[in-house]
Amino acid sequence: MNGKTEGDIQSGAVPDHVPPHLVKHFDFRTGLADRPQEIIARLHEGPPIFYSPVRHTMGSGAGMWVITRASDIRAVMSAPEVFSSSIQGEFLAAIGETIRLTPLDADPPLHGRFRALLNPLFTPKRMVELETLIRARCAALINRFEHRRSCEFIAEFATQFPTGVFIDLMGLPGERLDLFVGWAREFIHGETAERRIAAVRQIVDYFRALYLMRDGYGDDSILAYLLGRSEGVSLTEDEFCSLAFLLFSAGLDTVVSSLGFIFRFLAENEHPQSRLRADRKHIPRHVEEMMRLFAPVTPQRIATRDTVLSGVAIRKGDCLALSLAAASRDPAEFPDAGSFHAERNPNPHFAFGYGPHRCIGAQLARRNIAIAVEEWLTRLPPFRLAPDQQIVATGGSVLSLDGLSLVWG
Ligand code: HEM
């Protein structure tokens, strides 16, 4: 999901059809300080839909409509024929890659075809099978710093954990882990656009080689399935690489980001941490509420025709930024929306999206995060933020923390 490149934050002209009172300069990449979801939640004090002239993506013309209200987000995400996802994988085309982010950037009927292909890979049974491996990955990472009294959580844990899960999920051999961790680090935190693009190329090239060799993965693995060992699955090289790249990228910075915000919250708040230490059964509810408070993704859509959304005229070709962080803190749907309530039930937040593109990896992500919390609480004494650190958040399509130092003991 990472599409950040340097030089793509610009202000575009405001189109004529945008009423001046709906223009507000809002940038999801900068100026969100270290608590981006709190700043975004304040958007509810203004108009629910406004036009930000900041150009957020490569390729698209001017700025974007920012959609903040839960009911509007539901309406947009349920209408792919009016609000297309084709804008989502733009950065790949912009850097000259021929793969796409299918099904994330596809509309019906293509979306349905690829989604149906992926669905059997994310069954509850498969998730249970993966759990032992995930727990072992988690434990191995904690082993590395457990004897110390501190760690750099994002670099030493959060970035490495989902990469290990990806290796297991895909059926890649364990010795590939360091390679993928290196690419993941560059893909998310590479200092320059060139380095991040180079990481994308290396990952895609790796999958291209796999496609040609048809070797180097487990027989009963996702890769074996995608490479045609299952009846009815026949993908071109680009289709295969698109799916493999999406599975890598969609479950990477989203998980890193969620882990970062969630572990900061636990480090800052003694009560939930001690409650979970006393009784692990509360972990899933806590994770759900923390996912709501720290929803990291801002998906985009492009209007396929002129339409009206909650009284606002949207023109064909207009881009929309769907703030799932704002929707998940919409006071119209979540009482005391800015506060943590572990008992919130139901908790229909938007962290995993809504409608046909709703995250296919949501159950896996929830389990990963719950296992991470559980293993940390089991292995380490109460942890807190290292003093005097300057926490920096970055925005874009995925909000995240650049670093997080934790201490214990
Ligand atoms: C906490 C972690 C995660 C968050 C917050 C998250 C969030 C999201 C969101 C909001 C969407 C919808 C995007 C849209 O409508 O444009 C999405 C789609 C998707 N996610 Fe996740 N995700 C997470 C983890 C994962 C994992 C672990 C995987 C798989 C390994 C995954 C795979 C996907 C895929 C394949 C899609 C596209 C689905 C489609 O277009 O039909 N995600 N995710």
Side-chain angles (χ1 to χ4, degrees), residues 1-3 37 57 67 73-74 76-80 83-90 100-119 121-122 126-127 130 134 158 161-171 180 184 222-223 226 242-263 287-288 290-302 319-328 349-373 397-400:
M1 293 215 174
N2 190 320
Q37 291 89 351
T57 58
I67 318 296
I73 292 223
R74 267 196 299 271
V76 172
M77 295 189 110
S78 321
F83 300 105
S84 162
S85 290
S86 57
I87 187 177
Q88 299 250 69
E90 273 191 333
R100 302 285 302 167
L101 283 181
T102 338
L104 183 76
D105 62 359
D107 298 319
L110 186 68
H111 172 263
R113 187 188 141 217
F114 280 90
R115 181 83 190 203
L117 193 74
L118 289 183
N119 277 337
L121 304 176
F122 290 89
R126 259 187 187 262
M127 297 305 108
L130 264 179
I134 295 174
F161 180 46
T163 312
V165 173
F166 173 78
I167 295 274
D168 294 335
L169 181 72
M170 298 300 268
F180 272 91
I222 287 194
L223 285 171
L226 294 177
S242 301
L243 282 173
F245 182 76
L246 175 62
L247 289 175
F248 175 71
S249 57
L252 184 63
D253 48 356
T254 51
V255 178
V256 177
S257 155
S258 301
L259 284 170
F261 288 113
I262 285 174
F263 272 72
V287 167
E288 212 52 34
M290 292 187 284
M291 287 303 306
R292 181 189 73 81
L293 274 179
F294 306 116
V297 185
T298 310
Q300 298 176 6
R301 298 292 188 265
I302 183 163
C319 298
L320 290 81
L322 312 180
S323 178
L324 303 183
S328 298
H349 63 74
F350 293 82
F352 294 109
Y354 185 85
H357 288 278
R358 192 180 154 73
C359 179
I360 202 169
Q363 286 314 331
L364 176 63
R366 286 185 172 105
R367 279 309 296 149
N368 286 350
I369 293 169
I371 289 171
V373 170
S397 55
V398 182
L399 306 165
S400 59

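Note that ligands are numbered from 1 as they come in the structure, with each ligand's atoms numbered from 1 the same way. What you see below is based on every heavy atom in this structure, not just the backbone, and it leaves out hydrogens, waters and symmetry mates. Quick caveat: nothing in here was measured; it's all calculated off a predicted structure.
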Looking at Ile134, Val255, Leu121, which one forms a side chain to side chain contact (heavy atoms under 4.5 Å, CB included) with Leu364? Ile134
[Y] backbone acceptor or donor facing [X] side chain under 3.5 Å:
X	Y	result
Arg301	Leu320	no
Gln37	Phe294	yes
Ser242	Arg100	yes
Ser257	Leu399	yes
His357	Asp105	no

Where [X] and [Y] come nearest, the two heavy atoms and their spacing:
X	Y	answer
Asp253	Ser249	OD1-O, 3.3 Å
Met77	Leu322	CG-CD1, 3.6 Å
Phe161	Ala372	CE2-CB, 3.9 Å

Close-contact set for ligand 1 against [X] heavy atoms, below 4.0 Å:
X	value
Met77	15 (O)
Ala365	1 (C), 2 (C), 24 (C)
Leu324	10 (C)
Gly353	10 (C)
His111	39 (C), 40 (O), 41 (O)

Heavy atoms only: which of [options] is nearest to [atom]?
atom	options	answer
atom 33 (C) of ligand 1	Ala250, Pro162, Ser397	Ala250
atom 16 (O) of ligand 1	Arg358, Gln88, Arg115	Gln88
atom 14 (C) of ligand 1	Gln300, Arg301, Arg367	Arg301
atom 5 (C) of ligand 1	Ala295, Pro356, Ala351	Ala351
atom 26 (C) of ligand 1	Gly251, Pro103, Pro296	Gly251

Tell me which part of Leu322 gets within contact of ligand 1: side chain, backbone, both or neither, using heavy atoms under 4.0 Å. neither
Is the contact between Ser85 and ligand 1 made by the side chain, the backbone, both, or neither, using heavy atoms and a 4.0 Å cut-off? neither
Polar proximity ligand 1 side, Asn368 side, N/O cut 3.5 Å exclusive: no
State whether the shortest distance between N or O atoms of Ser258 and N or O atoms of ligand 1 falls below 3.5 angstrom. no
Short side-chain donor-acceptor distance under 3.5 Å, His111 and Ser85: no
Out of curiosity, is Arg366 lining ligand 1, as in a heavy atom under 4.0 Å away? no
